[in-house]
Amino acid sequence: MLVVEGLRARVGAFMLGPLDVRVAPGCVHAVLGPSGAGKSSLLACLLGAQPATADRLSLDGHEIGGLPIERRGIGFVPQRPSLFPHLNVREQLWYGVRARRLPADAAAAAIDRLV
């Protein structure tokens, strides 16, 4: 479960929040709104790429607000993929598995389900 309570962030003159969000395990949520509404800023805050404050920011019961990006366990697929334009979807997923040194046998089944 993702729990966000009182999330606030300043991006230039734009102020995001305070915002409360709860996403139950197994649920998929979409972030919708007009240009400039703060959708990308919200996602950047959850990832840890944008400085933010929150009363609570937890994932599966673990506080992640103070963790760096690489320790939050959150993946992000941008609308316009540009990180590895030469790799297909399966190869990009395998890149993450190798980078995190995850067991290949467990990852293979998960990747097969996704692609």
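Only a predicted model underlies this, so the values are computations on that prediction, with no experimental measurement involved. Values reported hereafter were calculated over all heavy atoms of this structure, with side chains retained and with hydrogens, waters and symmetry mates removed.
In this structure, the separation between CG on L67 and CD1 on I69 is 11.5 Å, given to the nearest 0.5 Å. How far CG of D60 is from CE of M1: 9.5 Å, rounded to the nearest 0.5 Å. D55 contributes atom CG, which lies 8.0 Å from atom CG of D20 (distance to the nearest 0.5 angstrom). Atom CG in L16 sits 11.0 Å away from atom OG in S40 (nearest 0.5 Å). To the nearest 0.5 Å, the span separating CG on L2 from OG on S58 amounts to 7.0 Å. One finds the CG atom of L42 at 11.0 Å from the CD atom of Q50 (value rounded to the nearest 0.5 Å).
Using modelled atom types, one side-chain atom of R72 and one backbone atom of G65 make a donor-acceptor pair closer than 3.5 Å. A distance-only check finds no donor-acceptor pair linking the side chain of Q92 to the backbone of V89 [under 3.5 Å].
Dense packing is recorded around CZ of R98, with more than 12 heavy atoms of other residues, nucleotides or ligands lying under 6.0 Å away.
By the criterion of side-chain heavy atoms lying less than 4.5 angstrom apart, applied directly or through intervening Ile, Leu, Val, Met, Phe, Trp or Tyr residues, L7 is not grouped with M15; the two fall into different hydrophobic clusters. Put simply, V115 and Y95 are part of two different groups of oily side chains (I, L, V, M, F, W, Y) that touch within less than 4.5 Å, one to the next.
Across A9 and P51, no two heavy atoms sit closer than the pair CB-O, 3.6 Å. For the residue pair L59 and G73, the shortest heavy atom distance occurs at CD2-O, 4.1 Å.
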query = What's the verdict on side-chain contact (heavy atoms from CB on, under 4.5 Å) for E91 and H86, showing C-alpha distance, side-chain angles and the deciding distance?
reply = CA-CA 9 Å; E91 291 165 336; H86 62 289; over 6 Å; no

inquiry  = What verdict does the side-chain contact (heavy atoms from CB on, under 4.5 Å) test give for L57 and V3, after you've listed the backbone C-alpha separation in whole Å, the side-chain angles of each residue and the deciding distance to 0.1 Å?
reply    = CA-CA 6 Å; L57 181 54; V3 178; over 6 Å; no

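Within the 4.5 Å cutoff, no side-chain heavy atoms of D112 are placed close to those of L114.
Using a 4.0 Å cut-off between charged nitrogen and carboxylate oxygen, R22 and E5 count as a salt-bridge pair.
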